[in-house]
Amino acid sequence: MNDIFSLADDLGPFKVIHVQEPSIGLKGVLVIDNVARGPSIGGVRMAVDVTTEECARLARAMTFKNAAAGLPHGGGKAALVGDPNMPVEQKEELIRGFACALREAEQYIFAPDMGTDETCMAWVKDEINRVVGLPREMGGIPLDEIGATGWGLSQAIKVAMDFCPLETSSARFVVQGFGAVGKHVSRFLSQDGASAIAVSDSSGTIYNANGLDVEQLIALKTEGKPVTDYRDGETLEGDAIIDVDCDIWIPAARPDVIHEGNVHRLSTKMLVQGANIPITYAAEKILHEKGILSIPDFIANAGGVICAAMEYQRSSEAAVMSSIAEKLARNTLEVLETAKRESILPRDAALAMARSRLEEAMSFRRWKLF
Ligand code: NAD
């Protein structure tokens with residue numbers, strides 16, 4: 001594991017706060033990466049194996065994502081060690097304890113991420129008030145319910161089609177991680193005529209070359225069942241989803257799932273990064289050399305944080321989807337055009353774009369870095 005100082009550079013992290021309260025089994029970390037554009041927004045991730053390093057890398061991804069999306073927010077991320085499926089009373093105690101411990105960390109606004117949801121954010125609101133991603137009943141815009149990130153991904157894909165080239169109506173897609181992001185991007189793509197041929201969750205992969213019924217899969221997940229309970233398909237190991245031949249491969253689960261060791265197994269025309277940091281830079285280079293288009297995470301999956309930032313500004317739910325569509329289409333086009341014109345990786349084009357927006361904000365600060 002990398003030491004936190006070895007991850008530091010000219011952009012951050014600004015603050016790293018570790019939290020421990022053994023009496024309730026609370027162990028977590030907050031990384032505020034950069035606040036030049038405003039208070040940081042980034043989700044609280046809950047997982048048994050989450051690390052400070054993962055949290056710091058995710059916080060950096062939020063810095064770039066928020067800058068690229070033109071939001072008045074910096075990047076941060078919080079991580080809580082624990083099984084997100086623990087008994088709800090225990091989870092509530094941990095989330096409330098974590099929020100209280102971070103009461104003074106005013107440059108961080110809590111938001112949901114893997115393992116946490118709107119209910120968790122309602123507990124945070126009750127304790128410290130500084131939170132987005134609340135239930136509708138509390139004035140929130142439930143980004144996972146409306147599918148803000150999945151909607152943004154589908155808009156990025158529409159633009160990317162012209163660079164591939166592909167037609168949405170005949171595209172076959174694969175989704176690793178059929179959760180909040182995975183379900184909604186599948187729904188939006190199917191509505192445009194594309195066909196889901198494999199999806200996975202932590203139980204395994206379900207595959208049917210003739211197409212899966214996305215609504216049926218969503219109904220299964222709503223009942224709390226795994227995708228492998230779907231009947232009209234072949235059940236495969238979770239990892240086998242990497243080998244499925246398709247047009248669009250969408251990682252929507254954990255970090256670093258595609259790396260130098262397995263990138264050669266992908267057989268796709270486009271990789272669209274729904275998850276945060278799902279692919280290593282070395283693997284992205286290999287995709288580029290093979291002519292496979294890869295749309296970086298902090299460009300493609302910005303829908304959720306755009307929604308969260310709009311909730312923070314008290315915008316209406318109706319305005320959210322059109323704003324996401326407009327920002328995602330514009331940024332994806334700019335990144336892919338630059339990448340093509342300069343023969344560089346889309347990630348490098350995206351980083352240059354985000355960095356220049358960030359450095360402009362940093363130039364107005366008394367301490368140039370933050
Ligand atoms: P989620 O918890 O709702 O869903 C994650 C899904 O991934 C679950 O179905 C889980 O079973 C599955 N999964 C876990 N490990 C897996 C594995 N090894 N193989 C296959 N499936 C696996 O989470 P989410 O909100 O959909 O987030 C997914 C990813 O997208 C995360 O990286 C998150 O940071 C990122 N993201 C989410 C949002 C958002 O709006 N929710 C926004 C931007 C980025």
Side-chain angles (χ1 to χ4, degrees), residues 41-50 54-55 57-62 64-66 68-69 75 77-79 83-85 111-118 120-121 132-133 140-154 156 174-187 198-207 217-218 220-222 224-229 236-242 244 249-258 262 272-279 295-311 320 324 328:
I41 291 192
V44 182
R45 174 159 299 193
M46 188 169 187
V48 283
D49 55 353
V50 72
E54 179 179 336
C55 190
R57 291 173 60 213
L58 291 164
R60 173 56 53 84
M62 292 311 298
F64 287 137
K65 193 185 301 188
N66 295 345
K77 199 86 183 179
D83 177 358
N85 299 317
D113 186 50
M114 273 181 83
T116 60
D117 58 13
E118 283 109 6
C120 298
M121 295 308 112
V132 288
I141 305 177
L143 59 92
D144 282 340
E145 189 184 311
I146 63 176
T149 303
W151 169 246
L153 285 169
S154 70
V174 160
V175 176
Q176 181 195 47
F178 201 68
V181 174
K183 279 187 299 195
H184 288 292
V185 69
S186 301
R187 181 164 63 85
V199 302
S200 69
D201 61 15
S202 40
S203 73
T205 298
I206 189 83
Y207 167 71
L217 280 162
I218 292 175
L220 268 181
K221 292 299 284 186
T222 310
K225 294 182 180 154
V227 293
T228 44
D229 273 16
L236 310 171
E237 294 283 305
D239 192 48
I241 197 155
I242 297 172
V244 175
W249 202 87
I250 305 171
R254 295 301 303 265
D256 299 327
V257 291
I258 300 296
N262 64 11
V272 184
Q273 301 172 27
N276 289 315
I277 54 170
I279 174 165
I295 310 186
D297 49 359
F298 66 87
I299 297 298
N301 72 17
V305 77
I306 293 169
C307 178
M310 290 180 76
E311 176 184 321
V320 164
I324 292 173
L328 266 285

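Both ligands and their constituent atoms are indexed starting at 1 by order of listing.
Nearest protein heavy-atom neighbour of atom 2 (O) of ligand 1: Met114 CG, 4.0 Å. Looking from atom 41 (N) of ligand 1 to the surrounding protein, the closest heavy atom is Asp144 OD1, 3.0 Å. Ranking the protein heavy atoms by distance from atom 7 (O) of ligand 1 puts Gly177 CA, 3.4 Å first. Looking from atom 1 (P) of ligand 1 to the surrounding protein, the closest heavy atom is Ala180 N, 4.0 Å. For atom 26 (O) of ligand 1, the closest heavy atom belonging to the protein is Val181 N, 2.9 Å. Of the protein's heavy atoms, Thr149 OG1, 3.4 Å lies nearest to atom 39 (C) of ligand 1.
Side-chain contact between Trp249 and Ile258: present, with at least one pair of heavy atoms (C-beta onward) separated by less than 4.5 Å. Contact of the Gln273 side chain with the Ile295 side chain is not registered, since no non-hydrogen atoms from C-beta on lie closer than 4.5 Å. Contact check for Thr116 versus Met121: side-chain heavy atoms found under the 4.5 Å cut-off. Proximity of Phe178 to Ser200: side-chain heavy atoms (C-beta onward) are nowhere separated by under 4.5 Å. Looking at heavy atoms from C-beta onward, Asn301 lies out of side-chain contact with Val181 at the 4.5 angstrom threshold. Contact of the Ile206 side chain with the Val199 side chain is registered, since non-hydrogen atoms from C-beta on lie closer than 4.5 Å. The shortest side-chain heavy-atom distance between Val227 and Ser203 falls under the 4.5 Å cut-off.
With a 4.0 Å cut-off on non-hydrogen atoms, Leu58 does not touch ligand 1 at all. Neither the backbone nor the side chain of Glu237 comes within 4.0 Å of ligand 1, counting heavy atoms alone.
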Full working for side-chain contact (heavy atoms from CB on, under 4.5 Å) between Lys183 and Lys221: CA-CA 9 Å; Lys183 279 187 299 195; Lys221 292 299 284 186; 4.2 Å; yes
Working for side-chain contact (heavy atoms from CB on, under 4.5 Å), residues Arg254 and Asp49: CA-CA 11 Å; Arg254 295 301 303 265; Asp49 55 353; 3.4 Å; yes
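For the pair Lys65 and ligand 1, a heavy-atom separation below 4.0 Å is found. The shortest separation from a heavy atom of Ser200 to ligand 1 is under 4.0 Å, placing the residue in contact.
Nearest-heavy-atom check against atom 36 (N) of ligand 1 across Pro251, Gly274, Ala252 picks out Gly274. Within the set Leu143, Val185, Asn301, the minimum heavy-atom distance to atom 44 (C) of ligand 1 is found for Asn301. Of the candidates Pro255, Ala253, Gly304, the one placing a heavy atom closest to atom 32 (O) of ligand 1 is Ala253.
Within the listing of ligand 1, atoms 33 (C), 34 (O) sit less than 4.0 angstrom from a heavy atom of Asp113. Within the listing of ligand 1, atoms 29 (C), 30 (O), 32 (O), 35 (C) sit less than 4.0 angstrom from a heavy atom of Ala275. Remark: ligand 1 atoms within the under-4.0 Å shell around heavy atoms of Phe178 are 9 (O). Short contacts between ligand 1 and Gly179, defined as distances under 4.0 Å to a heavy atom of the residue, involve ligand atoms 3 (O), 4 (O), 6 (C), 9 (O), 26 (O).
Residue-to-ligand polar distances place Arg45 within reach of ligand 1: an N/O pair is separated by less than 3.5 Å. Of the N or O atoms in Asn276, one or more lie within a sub-3.5 Å distance of an N or O in ligand 1. Not a single N or O atom of Arg254, backbone or side chain, sits closer than 3.5 Å to an N or O atom of ligand 1.
Look at Lys77 and Glu54 and you find no salt bridge, because none of the NZ, NE, NH1 or NH2 atoms lies under 4.0 Å from a carboxylate O. Of the charged side-chain nitrogens involved, none lies within less than 4.0 Å of a carboxylate oxygen, so that Lys225 and Asp201 do not count as a salt-bridged pair.
Shown here, atom 9 (O) of ligand 1 is in close reach of the protein: a heavy atom of it lies under 4.0 Å off.
Residues that satisfy the side chain to side chain donor-acceptor pair (under 3.5 Å) test with Asp297, not counting sequence neighbours, are Arg347.
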I'd like a table of donor-acceptor pairs (distance under 3.5 Å, sequence neighbours excluded) in which one partner is a side-chain atom from residues 143-153, with atom names and distances.
residue : atom : partner : partner atom : Å
Glu145  : OE2  : Arg136  : NH1          : 2.9
Thr149  : OG1  : Gly304  : N            : 3.0
Trp151  : NE1  : Met321  : O            : 2.9

